[in-house]
Amino acid sequence: MLKSKNLVHSTKTLLSHPQIEHQQWRGIVKVRLKWVKNRSLDHVIDTETDLKAACLLKDAIKRSPTGFLTSKSFADWQKLLGLTVPVLRFLRRYPTLFEEFPHARYASLPCFRLTGTALLLDSQEQSIYQAHENDTVERLCRVLMMMKSRTVPLQSLHPLRWDLGLPDNFEKVLIPKFPDHFRIVKAPIGVAAIRLVQWRDEFAVSALERSNEGNEKGDAYGQFKKGQTTLAFPMNFPRGYGEQKKVRAWMEEFQKLPYISPYEDSRHIDPNSELMEKRAVGVLHEFLSLTIHKKTKRNYLRSLREELNIPHKFTRLFTRYPGIFYLSLKCKTTTVALKEGYKRGKLVNPHPLVGPREKFYHIMRTGLLYRGKDMNLIRREDILHNNLENRVEDDEEEEEVETDEEYYEETSDVEDECS
């Protein structure tokens, strides 16, 4: 069986406890908060949108049998890549990564191949994938373990590949290497999907639980393991919200609700209860914790909504809990970030893949600044020995968006304005 019998039993025991049944409905006064723009996180999302597009184009050129792409082949990729400019213009911005040349037969057809610098960076990235392959396998297992059917269609997983740190062509280069973990199957809707072969108890520990393991303050995790079911989410409110009495009282009541692990069976929870809402917050918190940059697009999550067993209007959870999540509207899309993952615009615990990606970004910026000049600006030794300067660190700046006259208002429901 995929699901651990002990885990199912413990979940049923937890949810059948009279105190827990009562706590599914605590009558919490919900507070509607203004959306507050965070300039620091918006800047991260803005720059990494271009970085992600460049990395995906790099992988597409590598996959091409000819070793290059013509402008005709990527003419309709702009929306797919999340760009606000045409792909041809985007590639021409970064000559340190993408070399333009005319087609052998059609001189007016622009073609692009990778520069030596881009190939060197790619080789470093591939080395990190290989060195941390077990980490990648564990991350993918955790994603599948959160799904009701332990299965994810490839068409839903492909857009998340970069966010989850999966290698290019992972279904061909990674999945066949681990037959004890994964299997390619045909989903009920008729598409190819990845299924978890065996449930793994050692992976069924959430990021919130792991972060509390070493927390001596109040021995919260020890009490949790003994059966006291509350674990507090880290909160980082926009400036001024933490001092609001109604907001503080609301969050204290929310934190007192039992914590339901995203890896536990949630079918016994009332779908309209506050407990189910806290469980959904925990699922979104865990999923974002599994991403390399602690963020992803809302639409990517929407394709997994039913499997994750989260509400249809789940976007309102991001705006209702601004101490946990940040919802950004940059780059003509909606991105959600985990606030605890960042401090002053930098990742708190960067994954090893972040290093080569930051190098990639720096070289992109170098190409943008020195277009039309000597392209031999970056020495091979600097790339190999991590001598490239880091991205500028920004102070966190928040700007209140005027949508209401007050900071908050009591409400029985929150409209999902972004759906």
Side-chain angles (χ1 to χ4, degrees), residues 48-70 73-74 76-83 87 90-91 97-98 111-144 147 150-187 189-197 287 290-293 296-297 299-300 303-304 351-357 359-360:
E48 289 184 358
T49 296
D50 282 358
L51 170 61
K52 178 179 178 180
C55 290
L56 294 179
L57 284 165
K58 179 261 294 179
D59 291 338
I61 293 173
K62 261 188 65 181
R63 282 197 306 271
S64 173
T66 61
F68 65 87
L69 292 178
T70 66
S73 64
F74 54 69
D76 58 350
W77 289 6
Q78 180 178 334
K79 185 177 180 180
L80 182 68
L81 294 169
L83 294 173
V87 181
F90 179 82
L91 286 167
L97 296 173
F98 306 108
C111 301
F112 291 85
R113 59 189 166 215
L114 297 178
T115 64
T117 300
L119 290 169
L120 182 57
L121 283 171
D122 180 73
S123 68
Q124 287 190 325
E125 184 181 43
Q126 298 310 312
S127 297
I128 289 176
Y129 276 127
Q130 293 174 13
H132 297 273
E133 193 172 60
N134 289 336
D135 173 72
T136 304
V137 169
E138 179 179 336
R139 193 180 314 112
L140 184 54
C141 281
R142 290 179 189 274
V143 170
L144 293 170
M147 306 297 159
R150 315 300 174 218
T151 306
V152 177
L154 285 174
Q155 63 185 22
S156 296
L157 204 52
H158 275 138
L160 284 158
R161 180 182 69 79
W162 196 82
D163 294 346
L164 290 171
L166 302 177
D168 189 36
N169 265 342
F170 64 91
E171 67 271 27
K172 296 179 180 178
V173 301
L174 182 71
I175 302 304
K177 290 177 67 176
F178 296 90
D180 294 338
H181 292 71
F182 314 112
R183 181 182 302 148
I184 300 291
V185 298
K186 191 172 184 179
I189 57 176
V191 298
I194 295 179
R195 175 170 293 168
L196 185 72
V197 171
F287 196 96
L290 291 173
T291 61
I292 301 299
H293 296 273
T296 193
K297 290 185 179 180
N299 286 343
Y300 298 167
S303 68
L304 300 173
H351 187 274
L353 276 173
V354 172
R357 288 180 178 182
K359 288 183 185 180
F360 210 81

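If you read the sequence from its start, that first residue is 1, and numbering goes on from there.
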Hey, could you give me the [atom1]/[atom2] distance between [X] and [Y], rounded to the nearest 0.5 Å?
| X | Y | atom1 | atom2 | result |
| --- | --- | --- | --- | --- |
| Ile292 | Glu48 | CD1 | CD | 11.0 Å |
| Leu81 | Phe74 | CG | CZ | 10.0 Å |
| Phe112 | Ser73 | CZ | OG | 10.0 Å |
| His181 | Cys141 | NE2 | SG | 5.0 Å |
| Leu144 | Leu140 | CG | CG | 5.0 Å |
| Glu133 | Glu138 | CD | CD | 13.5 Å |

>> For Glu125, run the side-chain hydrogen bond (donor to acceptor under 3.5 Å, both in side chains) check against Lys58, Lys359, Gln130 and tell me which one passes.
In response: Lys58
Report yes if some heavy atom in the side chain of [X] is under 4.5 Å from a heavy atom in the side chain of [Y]; otherwise report no.
| X | Y | value |
| --- | --- | --- |
| His293 | Arg357 | yes |
| Asp180 | Val197 | no |
| Leu353 | Tyr129 | yes |

> Which is it for Thr151 and Ile194 under the side chain to side chain contact (heavy atoms under 4.5 Å, CB included) test, yes or no, and what are the steps along the way?
Replying inline: CA-CA 6 Å; Thr151 306; Ile194 295 179; over 6 Å; no
> Are Lys62 and Asp168 within salt-bridge range, i.e. N to O under 4.0 Å?
Replying inline: no
Heavy-atom closest pair, residues [X] and [Y]:
| X | Y | answer |
| --- | --- | --- |
| Pro352 | Ile128 | O-CD1, 3.6 Å |
| Ile189 | Gln155 | CD1-NE2, 4.1 Å |
| Ala54 | Phe360 | CB-CE2, 3.8 Å |
| Thr49 | Gly82 | CG2-O, 3.3 Å |
| Ala187 | Ala193 | CB-CB, 4.0 Å |

>> Using side chain to side chain contact (heavy atoms under 4.5 Å, CB included), reason through Phe170 and Thr136 one step at a time and then give a plain yes or no.
In response: CA-CA 10 Å; Phe170 64 91; Thr136 304; over 6 Å; no
> When you measure from the side chain of Ser127 to the backbone N and O of Ser123, does any donor-acceptor pair fall under 3.5 Å?
Replying inline: yes
>> Walk me through whether Gln78 and Phe90 qualify under side chain to side chain contact (heavy atoms under 4.5 Å, CB included).
In response: CA-CA 9 Å; Gln78 180 178 334; Phe90 179 82; over 6 Å; no
>> Going by ring-ring contact (aromatic ring centres under 6.0 Å, His included), name the residues that satisfy it together with Phe68, two or more places apart in sequence or in a different chain.
In response: Phe101
>> Just to verify, which of Thr115, Leu114, Leu119, Leu120 counts as forming a side chain to side chain contact (heavy atoms under 4.5 Å, CB included) with Thr117?
In response: Thr115
>> Before you tell me yes or no, could you show the steps for Leu69 and Ile61 under side chain to side chain contact (heavy atoms under 4.5 Å, CB included), namely the whole-Å CA-CA distance, both residues' side-chain angles and the distance that decides it to 0.1 Å?
In response: CA-CA 6 Å; Leu69 292 178; Ile61 293 173; 3.6 Å; yes
Identify every side-chain donor-acceptor pair in residues 157-167 under 3.5 Å, counting partners at least two apart or on other chains, and give the distances.
from, atom 1, to, atom 2, distance (Å)
His158, ND1, Leu154, O, 3.2
His158, NE2, Glu171, OE1, 3.4
His158, NE2, Glu171, OE2, 3.2
Arg161, NH1, Leu166, O, 3.3
Arg161, NH2, Asp59, OD2, 3.0
Asp163, OD2, Thr296, OG1, 2.7

